Protein chains: 2
Amino acid sequence: MVFKTDSAKKYLKKHGIKPSTIRIKVLQYLNDNKCHPTVDEIYKELIEDIPTLSKTSIYNTLELFLEKNIVDLVSIDDKESRYDIDTSAHGHFKCDICNKIYDFNIDTSGLNEEDIKGFIINKRKIYYEGICKDCLNESNH
Amino acid sequence: MVFKTDSAKKYLKKHGIKPSTIRIKVLQYLNDNKCHPTVDEIYKELIEDIPTLSKTSIYNTLELFLEKNIVDLVSIDDKESRYDIDTSAHGHFKCDICNKIYDFNIDTSGLNEEDIKGFIINKRKIYYEGICKDCLNESNH
DNA sequence: CTAAATGCAAACGGTTTGCAATGCT
DNA sequence: AGCATTGCAAACCGTTTGCATTTAG
């Protein structure tokens, strides 16, 4: 699903973000690459289109997107931050072998949250680690 | 609950760790301060007892503890790593106001993990963010 | 014209690394 | 003596900062 420039502009405006060139490109990249990219991955891709691009701008843009709640920060990787355009409730699974990150649906509504009753919960981050199916099959060869 | 030096030694040996002075002290610190301390916090405390202590040794020790599975890494704080001597299944709540980290019991057995069926799950990390009761009360004054 | 957005280079800070010094058996 | 542990200093690297430059309405 490609995010046309016009739709991207509208989308940003709707969320109170002035649609600059970089912001539109980053939004489109996130939408086309839902693999929770890092700043570096986004930068390496967009520098092809925008030769004067700086990483600072990527950082600024993602910071703004986080504030406006159109992306989520994924901290499953201890080294660098990843960004997810899918802000709906779901979990992330990281394979210890291939390091791929999988999304998975998770219904947290049934969870017993007695211990933190009366707390305001703004975000639930569910990170699993283990070995994915592909890597398990690989090791059976 | 204080971890006597002898018990700490036994505990380390049982988990295949040679009990050096630093390892014993770090274990005792983690056991006495179950607030998921950072490397810096541990270092600042232990340097009082061991004037020649280096941060590298704290890093080494915690790395070893992680390998031997007697501590868990808590990555709820994006800036620095925290370490938890309680390796039983439980969630962590971080207050956005006071930054305190609360443990809470959570029963993940009821979660629907259909999407990652066939995966080996080694670790489930549950991080919540929001506002804790204390800070909510504070704002009512 | 003006304010916002972008770019650049340096700084920052938690963590890692290589190696020398020390400690333990 | 020999091997593991510890300490030191520098390197590393993702991220932040300050400020100059450019862009857009």
Side-chain angles (χ1 to χ4, degrees), chain A residues 5-6 8-10 12-13 15-29 36-68 70-71 73-83 99 101, chain B residues 5 8-9 12-13 15-29 36-68 70-83 94 99 101:
Chain A
T5 303
D6 278 355
K9 262 188 205 176
K10 262 187 210 162
L12 290 174
K13 273 185 197 162
H15 289 88
I17 299 169
K18 257 211 280 186
S20 70
T21 310
I22 291 178
R23 289 169 185 171
I24 292 166
K25 292 270 185 198
V26 171
L27 177 65
Q28 287 177 321
Y29 182 86
H36 330 92
T38 63
V39 165
D40 199 57
E41 285 165 357
I42 300 170
Y43 175 77
K44 285 213 170 77
E45 176 74 22
L46 297 196
I47 189 83
E48 306 284 334
D49 282 11
I50 314 165
T52 60
L53 184 66
S54 72
K55 268 193 193 176
T56 307
S57 298
I58 307 288
Y59 279 107
N60 288 340
T61 301
L62 291 168
E63 185 61 34
L64 181 64
F65 285 7
L66 281 174
E67 277 167 26
K68 300 296 185 180
I70 68 167
V71 298
L73 184 61
V74 179
S75 307
I76 200 171
D77 192 323
D78 287 326
K79 299 277 160 260
E80 43 194 344
S81 295
R82 297 179 168 276
Y83 298 85
N99 284 314
I101 295 174
Chain B
T5 304
K9 261 189 204 172
L12 289 174
K13 274 186 197 160
H15 288 89
I17 300 169
K18 257 211 279 186
S20 69
T21 308
I22 291 178
R23 288 167 188 172
I24 292 166
K25 292 270 186 199
V26 171
L27 177 64
Q28 287 177 322
Y29 182 85
H36 330 91
T38 64
V39 164
D40 200 56
E41 285 165 357
I42 301 170
Y43 174 76
K44 285 213 170 76
E45 176 73 22
L46 298 197
I47 189 81
E48 307 284 335
D49 282 9
I50 315 166
T52 60
L53 184 66
S54 72
K55 268 192 195 178
T56 308
S57 298
I58 308 288
Y59 278 108
N60 289 339
T61 301
L62 291 168
E63 184 62 33
L64 182 64
F65 285 7
L66 281 174
E67 277 167 25
K68 300 296 186 179
I70 68 166
V71 297
D72 268 343
L73 184 62
V74 179
S75 308
I76 200 171
D77 192 322
D78 286 327
K79 298 277 159 260
E80 44 194 343
S81 295
R82 296 179 169 275
Y83 299 86
K94 190 184 82 179
N99 285 313
I101 295 173

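Computed from a predicted structure; not experimentally measured. Residue numbers begin at 1 in each chain, while the letters A, B, ... track the order of the sequences. All heavy atoms count here, side chains included; hydrogens, waters and symmetry mates do not.
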Taking all non-hydrogen atoms of both residues into account, name the closest pair between Tyr43(B) and Ser54(B) and its distance.
-> CE1-C, 3.8 Å

Which heavy atom of Glu41(B) sits nearest a heavy atom of Arg82(B), and at what distance?
-> OE1-NH1, 3.8 Å

May I have the step-by-step check of side-chain contact (heavy atoms from CB on, under 4.5 Å) for Asn60(B) and Leu64(B), ending in yes or no?
-> CA-CA 6 Å; Asn60(B) 289 339; Leu64(B) 182 64; over 6 Å; no

Between [X] ([atom1]) and [N] ([atom2]), how many Å, whole number?
{"X": "Lys55(A)", "N": "dT15(D)", "atom1": "NZ", "atom2": "P", "answer": "8 Å"}
{"X": "Glu80(A)", "N": "dT16(C)", "atom1": "CD", "atom2": "P", "answer": "14 Å"}
{"X": "Ile58(B)", "N": "dT5(D)", "atom1": "CD1", "atom2": "P", "answer": "15 Å"}
{"X": "Lys25(A)", "N": "dT6(C)", "atom1": "NZ", "atom2": "C1'", "answer": "16 Å"}
{"X": "Ile17(A)", "N": "dA5(C)", "atom1": "CD1", "atom2": "P", "answer": "10 Å"}
{"X": "Asp78(A)", "N": "dT15(D)", "atom1": "CG", "atom2": "P", "answer": "12 Å"}
{"X": "Ile50(B)", "N": "dT22(C)", "atom1": "CD1", "atom2": "C1'", "answer": "14 Å"}
{"X": "Glu63(A)", "N": "dT16(D)", "atom1": "CD", "atom2": "P", "answer": "7 Å"}

Name of the residue among Ile17(B), Leu12(B), Thr61(B), Thr5(B) meeting side-chain contact (heavy atoms from CB on, under 4.5 Å) with Leu27(B) | Leu12(B)

I want to check one thing: is the phosphate of [N], taken as OP1 and OP2, less than 4.0 Å away from some side-chain N or O of [X]?
{"X": "Tyr59(A)", "N": "dT16(D)", "value": "no"}
{"X": "Ser54(A)", "N": "dG7(C)", "value": "yes"}
{"X": "Lys79(A)", "N": "dT16(C)", "value": "yes"}
{"X": "Thr52(B)", "N": "dT6(D)", "value": "no"}

Select base, sugar-phosphate, or nothing to describe what Thr38(B) touches, counting heavy atoms under 4.0 Å on all strands.
-> nothing

Apply side-chain contact (heavy atoms from CB on, under 4.5 Å) to the pair Leu53(B) and Ile58(B), showing each step before the final yes or no.
-> CA-CA 8 Å; Leu53(B) 184 66; Ile58(B) 308 288; 3.9 Å; yes

Each nucleotide of nucleotides 20-25 of chain D classed B (base within 4.0 Å of a protein heavy atom), S (only sugar-phosphate) or -, in 5' to 3' order, makes ------

Which of the following nucleotides, dC8(C), dG7(D), dT5(D), is nearest to the side chain of Ser20(B)?
-> dT5(D)

Tyr83(B) side chain near Leu73(B) side chain, heavy-atom distance below 4.5 Å = yes

Is any NZ, NE, NH1 or NH2 atom of the basic residue among Asp40(B) and Lys44(B) found under 4.0 Å from an Asp or Glu carboxylate oxygen of the other?
-> yes

Would you mind telling me which residue lines up with the more 5' stretch of DNA chain C, Ser81(B) or Leu53(A), judged by nearest nucleotide?
-> Leu53(A)

5'-most contact on DNA chain D: Thr56(B) or Lys18(B), nearest heavy atom basis?
-> Lys18(B)

